[in-house]
**Q** 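The following block contains the structure, expressed as structure tokens.
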Amino acid sequence: MSERVRQKCSHSEEKYQTNISLETLDSGGLNSATVCGVDWTTLPDDTVIQLFSYLNYRDRASLASTCRTFRLLGSLPCLWGSLDLRSYKFDTAAAVSLSLRCKNLQRLKFPAAGSADAIVSLQARELREISSDFCRDITDAALSVIAARHEMLESIHLGPDPCERISSDAIKALAYCCPRLRRLWMSGVKEANGDAINALAKHCRQLMELGFVESDNIDEVALGNLSSLKFLSVAGTRNLKWGSVAQVWSRLPQLVGLDVSRTDVNLSAIKRFLSLSRNLKVLIALNCPVFEGEVDRNTMHNNKGRILLTLFSDIVKGVASLFADNLESVTDVFQHWKEIRNGDKNLDEVVVWIEWAISHSLLRIAENNLKEFDDFWLTQGAAVLLSLLQSSQEEVQERAATAVATFVVIDDEDATVHCQRAEAILCGDGIRMLLNLARSCQEVLQSEAAKAIANLSIDSKVAKAVAESGGIDILANLAKSTNRLVAEEAAGGLWNLSVGDEHKGAIAEAGGVKALVDLIFKWPPSSTDVLLERATGALANLGADEKCSVEVALAGGIHALVMLARTCKFEGVQEQAARALANLAAHGDSNSNNAAIGQEAGALEALVQLTYSQNEGIRQEAAGALWNLSFDDKNREAISAVGGVEALVALAQSSLDASQGLQERAAGALWGLSVSETNSTAIGRQGGIAPLIALASSDVEDVHETAAGALWNLAFYRDNALRIIQDDGVQPLVHLCSSSNSKMARFMAALALVYMFDGRIDSAVPVGPSPSSQGSSKSLNIDGVGRMALKHVEEFVSSFYEPQTFNAAAATLVPTALAQIAEAIRIPEAGHLRCSGAEIDRYVRMLRDPSSIRKSCSAFALLQFTMPGGRHAMHHSCLLQKAGAARVLRATAAASTAPIQAKIFTKIVLRNLENHHEVSS
């Protein structure tokens, strides 16, 4: 499986956003009596308002639509003091719909694209805080308009996406229009020159927190004029002149906290900050390579009561020293602070800022995914993240959950996680914390927690803990979310949990199968549809379980998967849909899925077309699906009717330099189709034999075994047997018969050779590059080649012969002796092979053949096909009875001229027939 891991990335939010329309928020009323016959309007207003406060906006609107009373209560200003619209499509029309509720709106989180006019249309003149994560599209003009209409703004947070189109002009506009500004935090600003920063110093006299992170050109000297600043962050910012910076910033009279993480700050500057800053309490310097390379870590402990937080210091103890007397007893520092808050407003501000700064830097460090941080994550980084998960700030919880989802990943392409990091989260009770966050009514928090659970669940120990903690029920419920991003992360979690067999049943019991199928119908395909890929990937895993495969079919999964295979253009979805159909069709006679897929309109055509895909994974899964589907007689002919033979021959020809998985499935699909005479003849005529011979020469056991099976079927017909000889197929089959480590490959190669040299072909045939080529050809002596081939067949059969045991069995009538031989020489996989009536007739005729080799090989084959417990043993027994084989078998067993192997083998076949007759009667 691929792409099971999703890290934090800058993606287009638009595809995840849901409209907030007038209809959604103001939908008409349903009579309260229709809801379970209970008049819910009798609940106290305070109780109803409390219920509303726990709901997201869509659910809030649904509840408000049930009656006039709830509609009135749902519109109360107290419920609309804060809005998080990051998961919604927020445009002017949506803003107008919301405007009547937003007169007292104070806090707004919004998606960036096209939001300036929408924010103005909210008419929220009391707005105090705005924030947006995805800020690439916010321009100077847009931010200036927002500032001009909302002069009460106190807090602006734009990032962590870079504000690439924001410059000093917008910062000056903020300074002029928002004099009450107390907090300004921006990521990736192009520049903040002296004029802009001085404007902040002049007009925003209450500005206490400033962050210009991961920016390029910041006037560091002008920052020294911001005398009201208590907290300053320049984490990740480049081109700072640390000699002058330390001198200037140390004179900031109110500065309490400074974050210089991920910069090239040096030891000299750090020492100056610690020694010269009057009120500095906390200096954060995480991942500062220059400083870390210069410092003697053993001498940086005594900082005159100031806290220095670095990757090599004890972060937990450092923060705890601000407020805890007994540092040894504090392990979860931020949770401990929540429990002991003593009313010290200044200290509370410091801890809140530390949470914010550390969560941002740890997320960035996790995203870089450098091996050099292994020790840090295991010694203290994971513990700090777990503490941040319990922060009182939702934004910090979100970033911590995203960091957990990211730092456990080693390779997102191969779905590989760092087991020690994952188990550090597990041992720290992180699964419980994440599941609690996933239960939140905040959809962004739900999605980030679900993402972390999904990635951690790649580790089997964590997956077990998630399941035992009720995580499967939570993810199944989140998969039903009307928020696309939440549903996507939940589907990813179910995908990862469904990889092994342990949790498939629990997912089905939790309603996960129906939720995943419903996702396919609910969300139309988009250009890069990760949600549908995850849903189909989970269904593919579940479909591998026989019971779950029935659940998938009952939930409408076959129709949904065929629809995706036919219409979706996203390669990840196509591959998983084909894999899901392959797994659903893999249960043979145990359920009706195989036939049902074939009967679904367009299913076989879609799979055949997918074999022409440019994506190898899609071709492989489509071929695998066609292979499994070809076990059904009707499907086999239907596949051929929609061009399956041509497609699969072309696939086999093109697979010779492809992956082993594709080679095996291409050969397997041709093997499945070749069961019928029409298809077998068509495969031979269209050039399918040559690539199968090449695949039979592979050193990979699964590949050459499957190719041998296809050639065995094809060789049953004279023209194909001739083509195999003419295309130089004898030697590869002889090699398999003699040397393969797979008994099945040796067995089927031997059967193919016996078919080819059973006397149907003339003693001399032309051989060359191919029967239809224009190249030169030569004549081949069939008799000589046949004797050589049959000699290797004889050696194969004789390899199962143990003289002492066989002679003893021949001399006694005790059934146990035959039973012991049968079990000793049994090839278990041969029980899955199914022969036609014509093939069984051929083996019966070969029992009369004067050739002792063909006689012994035929008896050996019939023994394998009729062994009790074989999938098709009863079928073969019935065919033998119809062919009147018992008389021939008894004659062979009694013949004085027959080899002892043939005698013993036929006696065992007779015993098998008697057993099957007793069972059937």
**Q** So that I can tick it off, tell me whether D216 and K190 are bridged by a salt bridge, with the cut-off set at under 4.0 angstrom between side-chain N and carboxylate O.
**A**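 The answer is no: the pair does not qualify as a salt bridge.
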**Q** Using 30° and 60° as the class boundaries, would you call the ring planes of W185 and H157 parallel, tilted or perpendicular?
**A**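 Correct class here is parallel.
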**Q** Among residues at least two apart in sequence or on other chains, which ones pass side chain to side chain donor-acceptor pair (under 3.5 Å) with D314?
**A**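 D314: no side chain to side chain donor-acceptor pair (under 3.5 Å) contacts found.
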**Q** Between S215 (side chain only) and V189 (backbone N and O only), is there a donor and an acceptor less than 3.5 Å apart?
**A**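 The answer is yes, because a donor-acceptor pair under 3.5 Å joins these two groups.
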**Q** Between the side chains of S268 and N266, does any donor sit under 3.5 Å from an acceptor?
**A**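 Note: S268 and N266 side chains miss the donor-acceptor criterion.
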**Q** Under 3.5 Å, is there a donor-acceptor pair between the side chain of S440 and the main chain of Q442?
**A**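 Yes.
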**Q** Tell me every residue that passes salt bridge (Lys or Arg N to Asp or Glu O under 4.0 Å) with R439, counting only those two or more places apart in sequence or in another chain.
**A**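 Partners of R439 by the salt bridge (Lys or Arg N to Asp or Glu O under 4.0 Å) criterion come out as none, since no residue qualifies.
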**Q** Under 30°, 30 to 60°, or over 60°: which ring-plane class applies to W377 and F407, parallel, tilted or perpendicular?
**A**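 Answer is tilted, since the angle falls between 30° and 60°.
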**Q** For I156 and L153: C-alpha separation, side-chain torsions, deciding distance, then whether side-chain contact (heavy atoms from CB on, under 4.5 Å) applies.
**A** CA-CA 8 Å; I156 298 173; L153 278 173; 4.2 Å; yes
**Q** Measure from the side-chain N and O atoms of E423 to the backbone N and O of H418, and report whether any donor-acceptor pair falls under 3.5 Å.
**A**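 Checking the backbone N and O of H418 against the side chain of E423, no donor-acceptor pair under 3.5 Å is found.
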**Q** Would you check if the side chain of S313 reaches a backbone N or O of T310 as a donor-acceptor pair within less than 3.5 Å?
**A**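 Yes, the answer is positive, given that a donor and an acceptor are paired below the 3.5 Å cut-off.
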**Q** Show the nearest heavy-atom pair for residues V462 and S457, with the distance to one decimal.
**A**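 That closest heavy-atom pairing would be CG1-N, 4.2 Å.
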**Q** May I have the step-by-step check of side-chain contact (heavy atoms from CB on, under 4.5 Å) for R136 and R165, ending in yes or no?
**A** CA-CA 7 Å; R136 294 178 188 272; R165 304 175 68 183; over 6 Å; no
